Amino acid sequence: MAAVANMPVSDLLKSFKLKTKQQELLIRVSILCLVYILAFITRLFSVLRYESMIHEFDPYFNYRTTLYLTQNGFYDFWNWFDYESWYPLGRIVGGTLYPGLMVTAALIYRILHFLRFAVHIREVCVLTAPFFASNTTLVAYFFGKEIWDTGAGLVAAILIAVCPGYISRSVAGSYDNEGVAIFALLFTFYLFVKAINTGSLAWSLASAFGYFYMVSAWGGYVFIINLIPLYVLVLLITGRYSMRLYVAYNCMYVLGMLLAMQIRFVGFQHVQSGEHMAAMGVFFLMQVFYFLDWVKHMLSDTKLFQAFLRITVTCAVAVGSIALGLGMLSGYISPWTGRFYSLLDPTYAKDHIPIIASVSEHQPTAWSSFMFDFHILLFLFPAGLYFCFKRLSDATIFIVMYGLTSMYFAGVMVRLILVATPAVCLISAIAVSATVKNLTVLLRSKNKGVQTGSTKGSSSSKASSKALLDQSQPFQKNGAIALLFGAFYLLSKYATHCTWVTSEAYSSPSIVLAARGAHGSRVIFDDYREAYFWLRQNTPPDAKVMSWWDYGYQITAMGNRTVIVDNNTWNNTHIATVGRAMSSYEDEAIEIMRSLDVDYVLVVFGGVTGYSSDDINKFLWMVRIGGGVFPVIKEPDYLVNGEYRVDKGAAPKMLNCLMYKLCYYRFGEMLTEYGKPPGYDRARGVEIGNKDIKLEHLEEAFTTSNWIVRIYKVKPPNNRW
Amino acid sequence: MAREKSSKDNAQALFHSLRSAYAATPVNLKIIDLYVGFAVFTALIQVVYMASVGSFPFNSFLSGVLSCVGTAVLAVCLRIQVNKENKEFKDLPPERAFADFVLCNLVLHLVIMNFLG
């Protein structure tokens, strides 16, 4: 009886004694599961500290369009003309946005509702980015496995789960294109490298679909359509080409281009824009190249082939250059647009396009940003490059090129550190994995002696040679242990740094401000939402609000009122008109405001709280952009000896312009800090110059509790007499 | 005179050796080559038509030309995968290559139908 009871138990125990391969699989799967969960929860700081809300400015537009999509269906969304922004011009939303993010969120929302989870679309929007960040770690694992081996894949997944460069644009609440686009980018690259390694049409088709998803998600798809042809060119030049390259690139290019042209915003750019011509050029080059290769294979006589080669090459080059020249000269092929041209020539935007130059994310990157966002990956990246060059294959050449080009662009523009992050994580993972593997081989070889028992896949000869070396250097094992501890220490420091950075720097919603009170307690400034809800509840539904373009999306999404200009910045003259109105005297400004049917004006003012991203600090950009279109606005009028001041010594035009008056109205009586005179501006640190402000054509409608947002109503014209 | 004659000889010798080498290829590859030639020829006809009539519904023109170019390119990929002389693809069964070809063509033509407008 006892024997029978014992048998099933021993059978159970035997079943637990897994073979090595299964143990390894179990470890890998559990690590990936933990990394998946980690990538999600490390992005939830702001949801836990504040509430589940959408951050920043651009995500509010994405949220509004997603709301419209879920309420009205895809057809109405695709053909939507929005008359509530850019009054009186309106905006063709369906044709000027990248629908990938909205469609993805709406799809997740539909699936959850189908499964009877009645969530609000806002929750789905807030958590879309962390969900896709987790998916990116999975793709990074498979990509690392493709380039190097499973160890590198695991390390890559771990590194990218917490890397601050990626977290900065994918925290919960940051409902922006990049959250989905980085997943699409890495996925497309993985599928393409898989296609090149296998030479299969099915994988190339998958990479074309990946490219389609990327095009639908973000304007940065231009990076893919230029990097892949560059990579093909490098392979062709170095002689590493093969038939698989032909299959992979051609299938992906033709199908990808066709799919990409289905997005209305992209339109015909793949055949008409200068930024996409590299891909087409490489496409034709490949046809010529492989045709010549085929002819060479068929002909046995080399002299005849040389003659044929000469004829064909001269014909092809002539035809190609004539076509390109005609296209560019006639203007059919448009030159590189300002956005991307300023990547090649960083000084271009400052001189010619002030709107692009004014965005803080478009400035060149400082060393501190690199260290902040990458930490130890910064020196692991060259180490990884070394390992890649030691074992060159199609896949490692690709990742090296991706890493180098993306690092160049990350140096030109802060925002593009995001694009470099997956490459840096992958290459660093190669360095970490290869180093740790070498060290553990050293450790294991001493234990196992001359046996060929290494399980990690390194060759047995390596183990035996290391065993030989061990006799001459007895401290090698101790050195290996010390180095392993050092590596472990560095990686744990990396994890600590990343969590600290996420918590301190990248988890603020920007729409809710927090500060420390006098006794260390946390003070929350919810002024923005207070102002927008006041607008929503206390103004007529067809009221038009004029503000600087930064706040346009938030006003339409939360205040539900028509705005004059918003963050899309597609019409520079319209923005310049608003800038001109803000920088003129009140009498001139009221003419402009009446011509635009403005009912309310909204300004942001940080003088009471010390908030430094307010409109007075942005004012010079308003002047520059306004002055760029209307020469009547001259920047030197607002400066004193080249200095920007708001106190008694400020320029008279500055002291009386509309923006100054609206920001500092009634501020002259306000006591802001102990020991300072009334009217002390805490953001600029000076006492303001013009305290006695009288408004003739506007009246104050609402000021929030901390004076951050101020709303003024435009008075109707006086009666005749 | 001599140079002209030698270049004409060269061209003729080139032509003959190409023809003889091509005659040696298997029949199934020649069928694929015929298909490729037909697709490229159709694309050329469309380009000539566009040049004479104008490119107004540009999406229609693009979808027409790209469907021809696309199917030609896919057929060349099929030829590469099926050709017994390519060592890289000797593990790939020709049925799988053909199935991939059909799938990619299906996707291509579905997108073209959406794009025709």
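Basis for what follows: all heavy atoms, side chains included, without hydrogens, waters or symmetry-related copies. On a predicted model such as this, the values are computed, not experimentally measured, just so you know. Every chain is numbered from 1, with letters handed out A, B, ... down the list of sequences.
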TODO: Kindly give the heavy-atom pair with the smallest separation between A:Arg240 and A:Ser393, and that separation in Å.
DONE: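 Closest approach of A:Arg240 to A:Ser393: NH1-CA, 4.5 Å.
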Could you look at [X] and say if it's the side chain, the backbone, both or neither that has a heavy atom under 4.5 Å from chain B?
{"X": "A:Ser204", "answer": "neither"}
{"X": "A:Met261", "answer": "both"}
{"X": "A:Phe283", "answer": "side chain"}
{"X": "A:Leu258", "answer": "both"}

Open item on the list: Is any side-chain heavy atom of A:Tyr213 closer than 4.5 Å to one of A:Val180?
Closed with: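 Sidechains of A:Tyr213 and A:Val180: in contact.
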Please classify the contact between [X] and chain A as side chain, backbone, both or neither, with a heavy-atom cut-off of under 4.5 Å.
{"X": "B:Phe89", "value": "side chain"}
{"X": "B:Ile112", "value": "side chain"}
{"X": "B:Arg19", "value": "neither"}
{"X": "B:Asn86", "value": "side chain"}
{"X": "B:Leu62", "value": "side chain"}

Task: Donor-acceptor side-chain pairing of A:Tyr253 and A:His270 below 3.5 angstrom - done: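 A:Tyr253 vs A:His270: no donor-acceptor pair found between side chains.
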- [ ] Could you tell me whether A:Ile92 atom CD1 has more than 12 heavy atoms of other residues or ligands within 6.0 Å of it?
- [x]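 No, not enclosed.
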Option that, when pairs with chain B are counted at under 4.5 Å, heavy atom only, ranks first among [options]:
{"options": "A:Tyr246, A:Tyr290, A:Phe268", "answer": "A:Phe268"}
{"options": "A:Gly267, A:Ala208, A:Ser242", "answer": "A:Ser242"}
{"options": "A:Ile311, A:Leu201, A:Val254", "answer": "A:Leu201"}

Open item on the list: Before we go on, tell me: are the rings of A:Phe289 and A:Tyr241 under 6.0 Å apart, centre to centre?
Closed with: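 Yes, the ring of A:Phe289 comes within the 6.0 Å limit of the ring of A:Tyr241, centre to centre.
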Open item on the list: Using the ring centroid of each side chain, check whether A:Phe143 and A:Phe189 are separated by less than 6.0 Å.
Closed with: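 Ring-ring flag for A:Phe143/A:Phe189: false, centres at least 6.0 Å apart.
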Task: Ion pair check, A:Lys145 and A:Asp149, cut-off under 4.0 Å - done: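 No, no charged N to carboxylate O under 4.0 Å.
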- [ ] Using a strict cut-off of less than 4.0 Å between a Lys/Arg side-chain nitrogen and an Asp/Glu carboxylate oxygen, indicate whether B:Arg79 and B:Asp33 qualify as a salt bridge.
- [x] yes
TODO: Output the option from B:Leu92, B:Leu108, B:Leu78 having the highest count of non-hydrogen pairs under 4.5 Å with chain A.
DONE: B:Leu108
Task: Among B:Leu74, B:Val107, B:Leu103, residue most engaged with chain A (heavy-atom pairs, under 4.5 Å) - done: B:Val107
Open item on the list: Can you tell me how the ring of A:Phe291 sits relative to the ring of A:Trp294, calling it parallel under 30°, perpendicular over 60° and tilted otherwise?
Closed with: tilted
